[in-house]
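What follows is a single structure, written as structure tokens, with notes after it.
When reading the values below, keep in mind they use all heavy atoms of this one structure, side chains included, and skip hydrogens, waters and symmetry mates. Note that the structure is a prediction, hence the values are computed from the model and not measured. Along the sequence shown, the residues carry numbers beginning at 1. Just follow the structure's listing: the first ligand is 1, and inside any ligand the first atom is 1.
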Amino acid sequence: MLIKTPSDIKSSEITSKSTYLSRRKFLKTSINTGIVGSGLLLAGNTNAATLNDIRKSRYSTLEEELTDFEDITTYNNFYEFGTAKEDPVKYSGGFNPKPWSITVDGECNKPGEIGLEDLIKPHRLEERIYRLRCVEAWSMVVPWVGIPLGNVLKRFEPSSNAKYVAFTTVFRPDEMPGQRSRVLQWPYREGLRIDEAMNPLTILAVGIYGEELLNQSGAPIRLVVPWKYGYKSIKSIVKISFVEDEPRTSWNDSAPKEYGFYSNVNPNRNHPRWSQKKERRIGEFLKRDTLMFNGYADQVASMYEGMNLLKYH
Ligand code: MTE
């Protein structure tokens, strides 16, 4: 489905390619020399603020080349702004992610609404370099900045009935032109089993390349679950619910035979309409093999012991 250009997007809101290219070079050098961690990056020609005091993480994937900042922020899936890869960067200029708060409810002792700053403040920001594998068979390597989801969730004291965690994206059709079409049931919803949510690899991301998330990347806060297909990594989260039963999710509702609840990256289980054996790394020419659990089997495979991964998709 095609979404028309909203007339209210100012050209000044669309960052030029040359700006991105010069920034990208700078950012890559900064990451390589470790400047990002010390908070010395200056915002300069960008419209996203620099994040300070970011520590490196032992969970980062260090052996692969990072995808360019330009690619990460111009080739996106964010159907709230349209279905084409270039729509999110083009049509998200009218979205306002500040101020922001998140409601936490359901099976926990300390439910409530919490401002973004208060949610983040008790935690130290970490750089987490992860592969991102989309179900559409493309992939990237993204230097996220975020905090472990499990540490955040523990503060709300989930009860023993909390078997799953459900996430909801903001619903603002005035600011998100894609939500005015019925390509998905809005708001976008996702979910994890509680042990998946508590796994140390799962993060809430607030930045990329040492800067706050841009709107098209899911500002101001999104999930990142690196061993699952990208659609589990829900953007612009406003609600987190502890629930007893497996929550319904947007893509599973829209095509249950194609998009399962678990959605672990699995080269041995093809999508009904295409193979999942290989992937195209954005910025590269040749396809590469897709890895079981997207290369994170050591950290996550034990959670699925005894489960038929070809059945639970
Ligand atoms: N979250 C919301 N709210 N809406 C979306 O359309 N798309 C998902 C996921 N999170 C999506 C979303 C899909 S299909 C992918 S592959 C990733 O976001 C893409 O993240 P990226 O655009 O930062 O690469």
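Scanning for side chain to side chain contact (heavy atoms under 4.5 Å, CB included) contacts around Asn199 gives Leu201, Thr202, Trp227, Val300, Met303, with sequence neighbours left out. Evaluation of the side chain to side chain contact (heavy atoms under 4.5 Å, CB included) rule for Ser101 yields Glu113 as partners, not counting sequence neighbours. Residues satisfying the side chain to side chain contact (heavy atoms under 4.5 Å, CB included) test with Thr168, not counting sequence neighbours, are Pro187, Arg189, Lys239.
Using a cut-off of 4.0 Å between Lys/Arg side-chain N and Asp/Glu carboxylate O, Asp174 and Arg172 are scored as not salt-bridged. Checked for salt-bridge contact, Lys98 and Glu212 meet the test: a charged N lies under 4.0 Å from a carboxylate O. Salt bridge status for Lys163 with Glu107: absent, with no side-chain N to carboxylate O gap under 4.0 Å.
Closer than 4.0 angstrom to ligand 1 sit non-hydrogen atoms from Asn76, Asn77, Phe78, Tyr79, Glu80, Leu132, Cys134, Trp138, Thr169, Tyr188, Arg222, Gly230, Tyr231, Ser233, Ile234, Lys235.
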